[in-house]
Amino acid sequence: MPIMMTNQRPLQFAYWVPNVSGGLVISKIPQRTQWDAQYNRRLAQIAESVGFDYALTQIRFTAGYGAENQHESVTFSQDLLAATEKLKVIAALLPGPWNPALAAKQIATISHLSGARIAVNVVSGWFRSEFKAIGEIWLDHEERYLRSEEFIRCLRGIWQESQFTFAGDFYRFRNYSLKPKPLDPQPEIFQGGSSRAARDMAARVSDWYFTNGNSVEGIRQQIDDIKVKAQQNQHIVKIGMNAFVIARESEQQAQQVLQEIIDHADVDAVKGFQHETQNAGQASPEKEGNWAKSSFEDLVQYNDGFKPELIGTPHQIAERIIEYKKAGVDLLLLGFLHCQEDVAFFGQEVIPLVRELEQQLMLELKA
Ligand SMILES: Cc1cc2nc3c(=O)[nH]c(=O)nc-3n(C[C@H](O)[C@H](O)[C@H](O)COP(=O)(O)O)c2cc1C
């Protein structure tokens, strides 16, 4: 199979659900984003009406950098599904607090409640103080990924096999028969990180690989690396990348907003975050994981969302998005400053331009 085959489909768009307080940037700039259920239901309805495909909820058990309040991801996802008709919602699951038996059962039920619109994002943990606070054992980087991979294998096995048996280092099942199974299509499994372990796991077991924002060249290298390995494993994995969007009528306005976000950075919170991230990317043996090369300014958007530079006019952003599509990105996971207004503006002004450019690209590819 050609390596870039999946990429000929229309690019998918997801947005970060603000189910934790403080918005998507670690900055004291005024933000109109709210974290309550009512705001989020409306946001989900706006997003699906303007062409977003997915919403991603976050899981955090404690405040770290801002985010004083954090709603739980699975229950919150179900609430958004109940408020929408076609949006797919990706619920974050953290192995440790969740075990696969409970997670598989919760998600199977939500699949029935939502008409198969639930997906999961299996996260592997980077926030040591959070684990300590809730009495969870803090495994080292490689072991966290071994556990996540077993977790994913168990989810799939429970969902697909009539009698599931598994003997791993972390989980055990004996002739377990989950009923009802999730509806078809089965819940998609996302998983994120940038380290060698995160990539290799994606190339073995995940439907989707999520990663932090990167330059076009940087993400191309990551994608090529993962797709070659996936092909060796006879596995298909799609790629989702994070980016923070500032779309305004003029480039100057957009750049000014970026500058204001950075000028108002919550310095102590960003430095606290910088300290915590040492347990993620830099803790991996090859030291190439998330945040391993992030500057102070990069960390103001906590998943390196400024790096892709989706900042400017709708035209500039749409053209840049096409560069990412050409590099092999299948989905953009987007963060915004004022979520409701900015999601609406993006959907109305940028997505149609992307669709036009995609048509042109398809014609060029066929020619
Ligand atoms: C798009 C995306 C979403 C993530 N969401 C969460 C989350 O909600 N909760 C969490 O604890 N970690 C989350 N993570 C963190 C990852 O699971 C992982 O622990 C982290 O990126 C470090 O990975 P690395 O050391 O392999 O690069 C997310 C990562 C990415 C890329």
Side-chain angles (χ1 to χ4, degrees), residues 12 14-20 24 54-65 67 70-74 76-77 89-98 119-131 133-134 136 138-149 151-152 189-203 206 208-214 218-219 222 225-226 238-244 273 276-294 298-299 301-305 307-308 329-335:
Q12 306 275 285
Y15 72 91
W16 283 94
V17 174
N19 60 311
V20 306
L24 274 307
Y54 294 91
L56 171 73
T57 56
Q58 313 169 43
I59 183 62
R60 288 209 215 158
F61 287 85
T62 60
Y65 39 98
Q70 320 94 31
H71 280 307
E72 187 275 320
S73 51
V74 175
F76 212 80
S77 298
V89 182
I90 312 162
L93 297 172
L94 180 62
W98 270 277
V120 298
N121 181 27
V122 176
V123 303
S124 293
W126 56 272
F127 192 1
R128 189 164 191 259
S129 317
E130 176 182 57
F131 275 59
I134 61 171
E136 278 293 329
W138 179 247
L139 301 171
D140 78 17
H141 188 274
E142 302 306 272
E143 286 186 323
R144 294 202 293 276
Y145 277 95
L146 288 176
R147 176 166 68 179
S148 293
E149 181 161 342
F151 190 95
I152 292 177
I189 301 179
F190 292 69
Q191 160 256 320
S194 293
S195 60
R196 180 79 270 149
R199 298 181 200 193
D200 287 353
M201 181 166 111
S206 315
W208 286 91
Y209 169 72
F210 255 154
T211 194
N212 276 8
N214 205 338
I219 196 77
Q222 276 189 54
D225 173 80
I226 291 171
K238 290 180 273 184
I239 309 291
M241 187 193 73
N242 175 59
F244 191 80
F273 174 47
E276 286 293 344
T277 61
Q278 289 173 359
N279 294 309
Q282 288 170 14
S284 62
E286 84 297 338
K287 303 196 186 315
E288 295 234 323
N290 274 353
W291 309 294
K293 296 173 194 153
S294 307
D298 292 329
L299 292 173
Q301 202 296 310
Y302 44 76
N303 282 90
D304 281 343
K307 281 189 182 169
V329 170
D330 300 289
L331 175 150
L332 282 173
L333 167 63
L334 303 177

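Everything numeric here is computed off the predicted structure, so don't read it as measured data. Counting starts at 1 for both ligands and their atoms, in listed order.
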Which residues share a side-chain contact (heavy atoms from CB on, under 4.5 Å) with Ala63, sequence neighbours left out:
Glu68, Gln70

Decide whether an N or O pair under 3.5 Å exists between Leu56 and ligand 1.
no

Between Gln58 (side chain only) and Val17 (backbone N and O only), is there a donor and an acceptor less than 3.5 Å apart?
yes

Counting from 1 in the order shown, the ligand 1 atoms closer than 4.0 Å to a non-hydrogen atom of Gly192 are 16 (C), 17 (O), 18 (C)

Using every non-hydrogen atom in the two residues, find where Trp138 and Phe127 come nearest and quote the distance to one decimal.
CH2-N, 3.8 Å

Examine ligand 1 and decide if any of its atoms is less than 4.0 Å from a heavy atom belonging to Leu333.
yes

Please tell me if the side chains of Pro97 and Ile134 come closer than 4.5 Å, counting only heavy atoms from C-beta onward.
yes

Checking Ser294 against Asp304 for the side-chain hydrogen bond (donor to acceptor under 3.5 Å, both in side chains) test, could you report, in this order, the C-alpha distance in whole Å, the side-chain angles of both residues, the deciding distance, and whether it holds?
CA-CA 7 Å; Ser294 307; Asp304 281 343; 3.0 Å; yes

Tyr209 side-chain N/O to Asp200 backbone N/O, donor-acceptor pair under 3.5 Å
no

Taking only non-hydrogen atoms of Ser194 and a 4.0 Å limit, the atoms of ligand 1 in range are 24 (P), 26 (O), 27 (O)

Atoms of ligand 1, numbered as shown, that sit under 4.0 Å from any heavy atom of Asn121:
3 (C), 4 (C), 5 (N)

Logged contact type for Leu94 with ligand 1, heavy-atom cut-off 4.0 Å, is neither

Which ligand 1 atoms, with their elements, are less than 4.0 angstrom from a heavy-atom of Ala198?
26 (O)

Could you name the option among Trp126, Tyr145, Tyr302 that has the heavy atom nearest to atom 24 (P) of ligand 1?
Tyr145

Hey, does Gln58 come in under 3.5 Å of ligand 1, counting only N/O atoms on both sides?
no

Does the separation of the ring centres of Phe244 and Trp16 fall below 6.0 angstrom?
no

May I ask whether Ser124 has any heavy atom positioned less than 4.0 angstrom from an atom of ligand 1?
yes

Are Val122 and ligand 1 in contact, using a heavy-atom cut-off of under 4.0 Å?
no

Can you check whether Val20's main-chain N or O pairs, donor with acceptor, with Arg60's side chain at less than 3.5 Å?
no

Polar proximity ligand 1 side, His141 side, N/O cut 3.5 Å exclusive:
yes

Side chains of Leu333 and Tyr54, heavy atoms from C-beta outward: is any pair under 4.5 Å?
no

Backbone or side chain, does any N or O of Trp16 fall under 3.5 Å from an N or O of ligand 1?
no

